Amino acid sequence: MNVKSVIGNGAEGKSEFDERNSLMTTVDSRPDAGVLAVLAAPSEEEIRQVDAWWRANNYLTIGQIYLLGNPLLRERLSVADIKPRLLGHWGTSPGLSLIYAHVSRLIRLTGQQAIYLAGPGHGGPALVAAGYLEGTYSEIYPQVGQDEAGMLRLFRQFSAPGGIPSHVSVTTPGSIHEGGELGYVLVHAFGSVMDNPDLLTVAVVGDGEAETGPLEGSWKGISFLNPVRDGAVLPILHLNGAKIAGPTVLGRKDPAEVRSLFEGHGYEVFEVEGGDLPGMHYRFAAVLAEVWGRIRAIQRSAREGTWDGVRPRWPLIIMRSPKGWTGPDKVDGVQVQGTWRAHQVPLSGVRENPEHLRILEEWLRSYRPEELFDASGAPSDLVRGLAPEGDLRMSASPHANGGVLTRDLDLPDFRGYAVEVSAPAVVRAESTRRLGEMMRDIYTANPDRFRLFCPDETNSNRLGAVFEVSDRAFAERVVDGDVAIGRDGRVMEVLSEHNCHGWLEGYTLTGRHGMFATYEAFAMVSASQTVQHGKWLQESKRLGWRAVVPSLNVLLTSTAWRNDHNGFSHQGPGLIQVVLTQRGDVARVYLPPDANCLLSVADHCLRSRSYINLIVIDKQPQLQWLTMAEAVEHCTRGAGVWAWAGTDDGSSDPDVVLACAGDVVTMETVAAARILKERLPHLKVRVVNVVDLMTLPRPKDHPHGMDATLFKELFTDTTDVIFAFHGYPGAIHQLVHGRPDADRFRVRGFIEEGTTTTPFDMTVRNRVSRYHLVMDAINNAKRLPGGAADLKAWCEEKLAEHEAYVVQHLEDMSEIRDWSLAQA
Ligand SMILES: Cc1ncc(C[n+]2csc(CCOP(=O)(O)OP(=O)(O)O)c2C)c(N)n1
């Protein structure tokens, strides 16, 4: 990063500024000394400017919460000016905007590229106001202009039907973080700076938010940051002492303990405290200068080759300031400012209580709006002067609209990693291993824009080929005996699904690509993040100015069915259920049955934009079904008849359809079809495999939904379908809802029958084994040839034999273990 000259910063005409700014033109030859001196000791004029911007922001924040008329207080405030429903969060807002103001000054003086993530995203009005004051808001939403009418629109739209949400939502320029569900600000921040060396992400952490599990785990981000190649995160703990209805833990701890906590995480802690003005401005400016200097020094030494390789002590600020700062001190005789009572709307009875109305007017006028906005209602020159220009405005940063920076991945031809398949179900292979090889080459070809995120399981998930070209990222001590670990690594392994998921979100939202690979059951740890990210992507699609970003690709391997050795805790296909509930414009679920399908699906997902792509396939050696050419065709359609597996000879009227989605259940289905072929050859059985689960719904319910004709071609309109599904059976019922005679779908799937047992026993316990499927087929077929009753009895015998065998031999019968079509 180069520290830029700041001439042309909007401060022209202010000779004192020009003089001070001229100090910065020589910064590169005199590392940061001049600029740091200027930053650390703002002039009175600069503080007047910062304070004016802050007051304007606070004014606009309160206006958004309360007003639907009289935006500039040209007249006395009346009940008619007050919104009927008072919504929004005041308490955190002044702290958020004070930080924003000072970081803006830093940017203007240094040219630093920065984005701002508000952990307490409920302070939405402050961030909306920031974008408005910077002019970005009106550029994006011209109807909200910088004049009195625009200001009124700004106020009326906030938290209103047809308007904007109350949080730092997708609609807020400059944001990649809503902060609605608390806990993710640091994971997003760290993801945003990976492979983004010029970016500084300022991440404000609420002290209530800091009590959440994900946030508590995310301080460790610096243990994975490389100062040469990555940008920097500046965490600012916004310690205002209270949350919605009570004190925060960190707020009531001895400050020495709080300091030790963060020092223990490896940060250099800087504290700044107070509610006094302008004193707090001076102190905050000094602290910000100090920490920025530290960041610059760390990066400079790393990038100029003088770094000793030890993990830097990155700076962190603890800012102690009153909750609801500058708001009403007491209301109805009760202390509000500095307490949890300031969290939302400190004066709630404004329309009914004249005293509240009076306090509100006094409060608004205390910011002296006449100094902040000119006669037309536009921000005054004094206020405007603070903002950096163009893309340096945090609300206009391209990093926060990452799609504009996205470069396509340089992808190798996935066909090059194919498993040779001479015939279906003859060869066994670890499918994910092939994907690992493909990802290895993606790493090589895209050293600045692709990462794999995984909670300590890259090898276990058979993706370890990536380590041939990249270590695991690790900034802590590396010792003899460590394997594939180092500060230059770019494979992200941390035992935290929250970190992995959130880092990938931050990485993709700033325009880069990646994959999160995790055990299926433990994907539920971060399921809520999947949901929240889906909401973000869905909303962003409604906004023309939000450029599409790379998709969030989630690979679930080590699946429920093959966690026979680990037991019930590891057996849970819940994430499919979660993603299914998301809207069709963002949610995709793929269940490739083998390696070649997996490669085809992965290639598709890595090229896609703004989706959540869930890919589910197990890592254990598994039978391979399709040649690469067949796999491509099958995956392109998303579902198809496997004529070679069935006995219906392409008839339009099979006696029963055996459908499957998921690798293990596909094997059981094909095995069941084979049993029927051999033992009940006159039963016409059709086998259908589904890769793209979203082909099942009607087109009006999901964009991938197959049309009625195709659906009929696969499933007929009347024949019963025995559907063996990887996940919970209810999902298939949900997906085929509205299809002709949907009741004919008899679904087998995971029914929470699990334990530590053999792989086949898992299917038996959940009644989706080949024997169960054969019995289901007989029970539901339209027409039954002779011999069906005998075959059912045989299946029962086989199940009894299995049960006795596994208990005695502790493994599956060899006819099951080694089953294939070569032998059949
Ligand atoms: C995960 C989660 N749990 C609960 C809430 C409800 N909630 C909204 S704001 C808030 C308090 C936040 O306190 P803090 O982070 O300290 O923010 P501030 O005091 O600055 O408003 C809570 C509990 C939430 N938004 N997210």
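Note that ligands are numbered from 1 as they come in the structure, with each ligand's atoms numbered from 1 the same way. Heavy-atom basis, side chains included; hydrogens, waters and symmetry copies ignored. Since this is a predicted model, take the numbers as computed values, not measurements.
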* Asked: Got more than 12 heavy atoms from elsewhere within 6.0 Å of CZ, Arg365?
  -> yes
* Can you tell me the protein heavy atom closest to atom 6 (C) of ligand 1 and the distance? -> Ile244 CD1, 4.0 Å
* Test item: protein heavy atom less than 4.0 Å from atom 25 (N) of ligand 1 -> yes
* To do: Decide whether an N or O pair under 3.5 Å exists between Gly208 and ligand 1.
  => yes
* Structure fact -> Under 4.0 Å between heavy atoms, the region of His89 that gets near ligand 1 turns out to be neither
* Asked: Touching ligand 1 at all, Gly91? Heavy atoms, strictly under 4.0 Å?
  -> no
* Structure fact -> shortest atom 2 (C) of ligand 1-to-protein heavy-atom contact is with Leu182 N, 3.7 Å
* Is any N or O atom of Lys243, backbone or side chain, closer than 3.5 Å to an N or O atom of ligand 1? -> no
* Please indicate whether any nitrogen or oxygen in Asp207 is less than 3.5 Å from any nitrogen or oxygen in ligand 1. => yes
* Which protein non-hydrogen atom lies closest to atom 19 (O) of ligand 1, naming both residue and atom, and how far is it? -> Lys323 NZ, 2.6 Å
* Asked: Protein heavy atoms: any of them under 4.0 Å from atom 12 (C) of ligand 1?
  -> yes
* Pick one of side chain, backbone, both or neither for how Asn240 approaches ligand 1, counting any non-hydrogen atom pair under 4.0 Å. => side chain
* Side-chain contact test, heavy atoms from C-beta onward, threshold under 4.5 Å: evaluate it for Asp51 versus Pro278 and give yes or no. => no
* Could an N or O of ligand 1 be found under 3.5 Å from any N or O of Glu181, whether backbone or side chain? -> no
* **Pair Phe224 and Phe190, ring centroids less than 6.0 Å apart** => no
* To do: State whether the number of non-hydrogen atoms from other residues, nucleotides or ligands found under 6.0 Å of Arg341 atom CZ is greater than 12.
  => yes
* State whether Tyr367 and Arg55 meet the cation-pi test: NZ (Lys) or CZ (Arg) under 6.0 Å from the six-membered ring centroid, and within 45° of the perpendicular axis. => no
